[in-house]
Amino acid sequence: MPVEILKEKFTGKVQEVVLGATKEEGGTRAYTVKLGGSSTLPFLQFEGEIPNRPVIALEIWDIKPDWHECFVPCYGDVWEDPVAWAKKAEEYGADIIYLRLRGADPELENSKTADDCAKLVKAVLENTGAPLIVEGPGFPDKDNEVLQAVAEAAAGENIALGVAEKDNYRSIAAACMMAKHCIIARSPLDINILKQLNLMVTEMGVPIEKIINDPLTGGLGYGIEYAYSVMERARWGALIGDKMMSLPLICLAGPEAWRAKEANAPNEEAGPGWGDQKVRGVMWEAMTAAALLQAGGDLVLMRHPEAAKLVKKQLEDLMVPNTY
Amino acid sequence: MGLTGLEIFKQLPKTNCGECGVPTCLAFAMALASGKATLSQCPYVSDAAREALESATAPPMRLVKVGAGDNVLEIGDEQVIFRHDKTFFHPTGIFIELDDTLSADEIAAKVDEISGFVVERVGEQYVIDGVAVKNASGNADSFKKAVEAVADRTNKVLALLTEDPAAMEAAASAVADRKPLLYAATADNYEKMVEVAKKIGAPLAVRGNDLNSLAELVDKVVGLGYKELVLDSGERQTSKVLADLTQMRRLSIKKRFRTFGYPTIAFTTEEDAVGEALQAQVYVSKFASIVVMKNASEPALLTLLTWRRNIYTDPQKPIAVQPGVYAIGDVTPDSPVYITTNFSLTYYTVATEVEATRLPSYLIAFDTDGLSVMTAWAGGKFVGEEIGPWLKDSDINEKVSHKKLIIPGGVAAIKGKLEDLSGWEVIVGPREASGITSFAKLRLGA
Ligand code: B12
Ligand code: SF4
């Protein structure tokens with residue numbers, strides 16, 4: 001007697017969100033990226049469709065970052081020039097470019113203006129083909145000013161702007177609506193706040209197919225399991241038909257992983273069993289991303305091209321059909 | 001399928017004697033049905049009833065033990081599909097495989113590499129659980145020799161990989177007292193493999209070619225009276241293994257499908273250490289009870305074992321240390337005093353850095369119900385109003401002759417209130433624990 005395969009009968013699915021716009025669609029991107037759309041749990045094609053494989057965004061900054069020296073061989077020659085850096089990220093196989101406007105931090109000495117940021121975003125768009133995500137400096141007032149200008153400069157390109165939070169979402173949402181961009185809405189590891197925020201953003205008039213959720217995460221070994229479970233619950237919610245839990249999830253794997261001591265410590269300061277930093281750092285990030293993909297991540301933000309490559313390979317293995 | 005309370009009740013003595021701890025047989029039946037009682041609590045069930053009820057009230061997935069003595073790996077007995085529904089109980093055992101074609105020196109070196117791998121993290125030790133010896137030579141003598149050599153050199157849990165019952169019998173008998181995992185019974189050899197397993201009382205892995213053939217084979221093995229089993233669908237491709245492991249878990253937990261009510265084993269296929277660790281991560285996340293790998297490579301295993309620890313953490317209660325005042329090094333009344341929370345991760349992260357300053361110090365693990373600094377602060381548990389009054393009365397006042405407290409930089413905002421309520425001077429330390437060494441050098445003359 002054959003085994004009776006147990007398939008969950010889901011009624012909902014993850015909302016599909018399109019990033020980028022090609023020439024035909026009024027933008028200049030070489031291609032668009034579709035996020036979400038799954039009607040099944042991560043990688044379980046035997047009970048539903050996974051129309052779009054999860055994607056990888058590579059992180060770039062508008063100023064030279066304070067990253068570990070192991071990034072010098074991959075980015076050292078370009079990270080003082082964000083446009084060149086963006087092109088390099090494309091060469092490394094980024095599906096999406098994720099630009100963080102850290103230089104607009106109002107506490108910096110030569111803090112970049114909204115105008116500087118808008119110009120930079122335009123230049124990045126002119127010189128690359130990948131869809132773009134832009135994150136503000138993380139100070140509500142400055143975010144509003146900067147993202148407004150960026151939204152206008154990138155009109156028609158269907159980029160994503162972030163990060164909107166519960167106490168600071170209105171003007172970002174307004175900027176996204178005006179220029180028809182997507183919005184990244186972040187909640188601090190809390191499924192109820194996540195739902196609430198989505199509700200508030202949609203009530204303002206942002207179409208649901210323009211929202212991406214950042215459920216927030218900790219890096220491997222630093223609180224990641226909380227994110228893992230929040231994400232599993234959100235994915236389940238989406239599949240049983242809760243619209244406000246159904247948005248594609250972005251995971252900040254790179255930035256969180258590289259906060260860990262284990263990723264950064266030079267070999268002289270490494271604990272027993274840690275091994276060589278070059279592999280250790282890359283693996284800490286790859287493991288963080290791969291784990292979050294198992295929880296239902298639709299987009300992982302990554303930092304090290306080697307880590308991104310490892311994760312891409314694993315995604316290919318996981319997308320091999322497994323229907324019975 | 002589980003029985004209802006009424007179905008169980010029919011099998012009980014119906015004397016309502018109360019010795020089981022609840023007043024009536026019916027109440028006991030209800031407790032059994034919901035898994036809140038065990039059959040052995042009633043001294044009066046008949047043998048026939050016991051037989052009928054035991055299988056129906058047994059946990060959905062059997063607990064299987066591999067190994068003996070101080071080194072026993074417990075696997076199985078999981079109760080949920082999602083960790084947020086309760087928790088995962090028995091962390092995936094990680095085994096490293098070695099071939100019996102290796103020379104004696106190579107075997108010794110590989111075993112030492114495996115036993116030597118220890119990571120200290122957050123007050124715990126992460127180690128490799130077992131060594132799997134594979135009969136790659138196809139020769140029974142070489143296999144036995146290799147198994148003995150490994151057993152002599154390490155007390156790790158053993159797994160013996162061969163499909164030749166004669167080779168298995170010789171090797172397994174030589175290390176019978178170690179209760180190794182015997183891998184594997186297949187459609188061709190299962191009768192003899194069951195005999196070997198029974199003889200030495202060791203767990204037996206059962207391997208099919210897919211879920212259907214596995215189910216058929218398990219039923220045959222159970223029919224021979226053996227139930228210390230570990231299941232392998234035979235699949236090796238990552239996404240298909242994920243599907244099979246998911247099915248076995250679901251069918252045992254949600255359908256109480258007895259045939260799959262056992263722990264599972266998976267094998268990696270990626271050659272390089274990093275790819276292999278990522279592949280293993282999928283199986284650790286999704287339901288494998290044992291994963292057999294080839295490389296014992298340091299950074300790759302560090303990340304895999306850290307992930308295993310994360311996913312097997314109880315989601316309902318964070319791992320915490322006992323709140324209180326800890327002395328790090330040979331403290332004196334002049335020693336500096338740091339404060340952090342009693343979240344295990346936070347405490348050990350900070351303690352390691354304080355220790356690295358080489359300046360004997362006190363470290364207070366403030367009771368935040370096991371929350372991290374920033375989380376506890378956001379939740380109102382690591383604030384001046386809470387810490388101040390506690391500090392004022394704490395016995396740290398008798399231990400040091402000064403009143404200076406170093407707080408994490410992330411919560412600089414609590415300084416004022418904390419000073420007011422404690423009478424201590426508050427020094428704002430660095431944001432990250434990694435800044436403590438240079439902070440101590442600069443500010444404390446370490
Ligand atoms: C996991 C997590 C949780 C878990 C809790 C896990 C736990 N046991 O603590 C859960 C899901 C329960 C949670 C809940 C909440 N969280 Co939370 N959570 C996190 C997360 C992802 C990781 C925290 C962590 O484990 N960090 C690792 C530990 C080691 O860090 P740490 O304790 O701060 O210690 C570091 C430093 O502070 C320093 N340090 C520590 N002690 C000392 C001592 C001295 C002397 C010095 C010098 C340094 C020092 O060294 C350590 C390493 O560098 C962070 C975001 C992130 N990625 O960091 C958010 C975060 C901390 N949470 C946040 C929030 C807002 C909340 C909630 C209020 C959200 C809500 N639901 O409303 C609740 C509050 C909970 C409650 N009811 O009390 C915010 C805090 C924002 C802020 N700055 O105020 C954060 C930063 C996320 C964010 N950006 O919004 N959270
Ligand atoms: S001990 Fe057995 S016989 Fe007595 S009340 Fe309980 S179930 Fe009934």
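Chain identifiers are assigned alphabetically (A, B, ...) following the order of the sequence lines, protein sequences preceding nucleic acid strands; residue numbering begins at 1 within each chain. Because only heavy atoms are used, hydrogens play no part in the values below, and waters and symmetry mates are left out as well, while side chains stay in.
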Which bit of Phe43(A) is near chain B, if near means a heavy-atom gap under 4.5 Å: side chain, backbone, both or neither?
both

Neighbours of chain B found in residues 310-318 of chain A - heavy atoms under 4.5 Å
Leu310(A), Lys313(A), Gln314(A), Asp317(A), Leu318(A)

Heavy-atom closest pair (Ala280(B) atom, Met293(B) atom, distance to 0.1 Å) is CB-SD, 4.0 Å

With chain A, the option among Lys240(B), Arg121(B), Glu270(B), Glu120(B) that has the most non-hydrogen atom pairs under 4.5 Å is Arg121(B)

Under 4.5 Å, counting heavy-atom pairs only, tell me which of Leu278(B), Leu302(B), Leu345(B) racks up the most with chain A.
Leu278(B)

Using a cut-off of under 4.5 Å for heavy-atom pairs, which of Glu269(A), Gln277(A), Arg280(A) has the most such pairs with chain B?
Arg280(A)

Using non-hydrogen atoms only, which part of Glu235(B) is less than 4.5 Å away from chain A: side chain, backbone, both, or neither?
neither

Which atoms of Glu47(A) are under 4.5 Å from chain B, going by heavy atoms: the side chain, the backbone, both sets, or neither?
side chain

Report yes or no: does Asn213(A) contribute a side-chain atom to a donor-acceptor pair with the main-chain N or O of Pro215(A) at less than 3.5 Å?
no

One option among Ala356(B), Ser285(B), Pro318(B) has the most heavy-atom pairs under 4.5 Å with chain A, and it is Ser285(B)

So, for Ala263(A) and Ala257(A), which heavy atoms are closest and what is the spacing to 0.1 Å?
CB-O, 3.6 Å

Verdict with supporting geometry, Arg235(A) and Asp298(A), salt bridge (charged side-chain N to carboxylate O under 4.0 Å, His left out)
CA-CA 10 Å; Arg235(A) 171 60 79 92; Asp298(A) 296 288; 3.8 Å; yes

Where does Thr349(B) contact chain A at under 4.5 Å (heavy atoms): side chain, backbone, both or neither?
side chain

Which of Ile5(A), Val282(A), Ile224(A) touches chain B most, by non-hydrogen pairs under 4.5 Å
Ile5(A)

If you compare all heavy atoms of Cys74(A) against all heavy atoms of Tyr92(A), which two are closest, and at what distance to 0.1 Å?
O-OH, 3.1 Å

Portion of Tyr222(A) that has a non-hydrogen atom of chain B nearer than 4.5 angstrom
both

Between Phe88(B) and Phe287(B), how do the two ring planes meet: parallel, tilted or perpendicular, split at 30° and 60°?
perpendicular

Under a 4.5 Å heavy-atom cutoff, which of Gln279(B), Lys286(B), Arg309(B) has the most pairs with chain A?
Lys286(B)

Minimum heavy-atom distance between Ala376(B) and Leu371(B), given as atom pair plus value:
CB-CB, 3.9 Å

Centroid-centroid under 6.0 Å between Tyr312(B) and Trp307(B) rings:
no

Tell me which of these, Gly275(B), Pro299(B), Ala378(B), Gly116(B), has more heavy-atom pairs under 4.5 Å with chain A than the rest.
Pro299(B)

Considering non-hydrogen atoms only, spot the tightest contact between Thr323(A) and Gln45(A) and give its length.
CG2-O, 3.4 Å

Based on non-hydrogen pairs under 4.5 Å, which of Pro321(A), Gly271(A), Gly223(A), Ala270(A) is most in contact with chain B?
Pro321(A)

Phe260(B) portion near chain A, given a 4.5 angstrom heavy-atom threshold:
side chain

How many angstroms lie between CG in Leu35(A) and CG in Asn52(A), if you round to the nearest 0.5 Å?
7.5 Å

With a 4.5 angstrom heavy-atom cut-off, is it the side chain or the backbone of Ala277(B) that approaches chain A, or both, or neither?
both

Heavy-atom pairs under 4.5 Å with chain A are the metric here; pick the option from Val122(B), Thr259(B), Leu301(B), Asp244(B) that has the most.
Asp244(B)

How close do Ser38(A) and Leu239(A) get, heavy atom to heavy atom, and via which atoms?
O-CD2, 3.9 Å

Counting heavy-atom pairs under 4.5 Å to chain B, which of Leu41(A), Leu220(A), Val230(A) comes out on top?
Leu220(A)

Between Gln237(B) and Ser239(B), is any side-chain donor less than 3.5 angstrom from a side-chain acceptor?
yes

Under 4.5 Å from any heavy atom of chain A - which part of Val118(B)
backbone

Leu189(A) portion near chain B, given a 4.5 angstrom heavy-atom threshold
neither

Just by distance, no angles: are the side chains of Glu276(B) and Thr268(B) close enough, under 3.5 Å, to form a donor-acceptor pair?
yes

Report which part of Thr246(B) has an atom under 4.5 Å of a heavy atom belonging to chain A: side chain, backbone, both, or neither.
side chain

Side chains of Asn310(B) and Thr313(B) only: does a donor on one sit below 3.5 Å from an acceptor on the other?
no

CD1 of Ile311(B) to CD of Glu225(A): how many Å apart, nearest 0.5 Å?
9.0 Å

For the pair Phe82(B) and Trp236(A), name the ring-plane relationship: parallel under 30°, tilted 30 to 60°, perpendicular over 60°.
perpendicular

Of the backbone (N, CA, C, O) and the side chain (C-beta and beyond), which part of Glu113(B) lies under 4.5 Å from a heavy atom of chain A, both, or neither?
neither

